[in-house]
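Written below as structure tokens is the structure these notes are about.
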Amino acid sequence: MTTHATQAVTLPGSLDEAVAALAAMPAAVPVAGGTDLMASVNAGLLRPAALVGLGRISEIRGWQYQDGHALLGAGLTHARIGRPDFAALIPALAAAARAAGPPQIRNAGTLGGNIASAAATGDTLPVLAALEATLIIAGQGGARREVPVSHLLAGMEMLSPGELIGFVRVPLLHAPQTFLKATGRTGPGRALASVALVVDPARRGVRCAVGAIAPMPLRPLEAEQWVASLIDWDGERTLVPEALTAFGEYVAAACIPEPAPAPDGTQEQLPPAVLHLRRTVAALARRALGRALS
């Protein structure tokens, strides 16, 4: 199908220049890898009047260490995040990036784009939620503000006109962390469900986020607290298989609860497809915790 030509394309060289360009053109759309943007354009869902390209902004295409955190540029591609040197830094995020799709998607798609588009199936999103990452938002006049990634994904806080995600601040936990996803087919593909899990000995906690089954990653907080109470944090940090299975069921029931009883007291059954999804979430959560503790 044919699409309307954009009226203007601006290619700023810095984050502040990009913010200024967006402020000057309220109808402009920022674009980095363009994997989600072009899908919307091709589907006829978006007709951007102008584009602000972020590909020349070198400051957001790398990362640095900062006070026990990794400060990740929003322009980092999935391919770069998936490389071994990054995997040694934040293994679960690297695993999610490697699972994000075929090479052409991983080479183009960016971390900031994954967050800004907030697609339910974004593979990095549950990892960022489980790691309790924060976003550094760039605004006009050099302004910067910090927002928990979970707040943006849940719609509790929104990007204002002229703002951009500049960086993602991720704690360097040096703790076991895993990412698993089910696609319904072999090879990288769109997630039916995904689970990111972190075992954090310093805080004696387990953090789990379930992706793809809801508009945003879900944190089963009670299941996290329950399983953390079973772990011998001063010992070998192992759990019996029955506890792993129970954790998986706990997570799945929290994320995909039973329907409320009808007024006459009868209990509706979940449809077969939903039951299958629930079993998939339970299996992913069980395996993720088992791998993190092994």
Does the side chain of Thr121 pick up a donor-acceptor pair with the side chain of Arg190 at under 3.5 Å?
yes
Within a reach of under 6.0 Å around CZ of Arg56, are more than 12 heavy atoms found that belong to other residues, nucleotides or ligands?
no
Just checking, is any N or O donor in the side chain of Ser14 or Asp16 under 3.5 Å from an acceptor N or O on the other one?
no
Is the count of non-hydrogen atoms from other residues, nucleotides or ligands lying under 6.0 Å from Gln267 atom CD greater than 12?
yes
Salt bridge flag under 4.0 Å for residues Asp232 and Arg204:
no
Starting from Met158, walk the hydrophobic network (Ile, Leu, Val, Met, Phe, Trp, Tyr; side-chain heavy atoms closer than 4.5 Å) and list everyone else you reach, by chain and number.
none
Looking at Lys181 and Leu192, would you say the former's side chain and the latter's main chain have a donor-acceptor pair under 3.5 Å?
no
Residues 235-243 side chain polar contacts: donor-acceptor under 3.5 Å, at least two apart:
none

Fellow cluster residues of Val52, listed by chain then number, with links counted only when side-chain atoms sit under 4.5 Å apart:
Leu15, Val19, Leu22, Met25, Leu54, Ile57, Ile60, Leu71, Ile136, Leu164, Phe167
Hey, is CD on Glu222 packed in by over 12 heavy atoms from elsewhere, all under 6.0 Å?
no
Ala228 backbone acceptor or donor facing Trp233 side chain under 3.5 Å:
yes
Between Arg219 (side chain only) and Ala209 (backbone N and O only), is there a donor and an acceptor less than 3.5 Å apart?
no
If we ignore hydrogens and angles and just use 3.5 Å, is the side chain of Thr110 paired with the main-chain N or O of Gly113 as donor and acceptor?
yes
Would you check if the side chain of His69 reaches a backbone N or O of Asp67 as a donor-acceptor pair within less than 3.5 Å?
yes
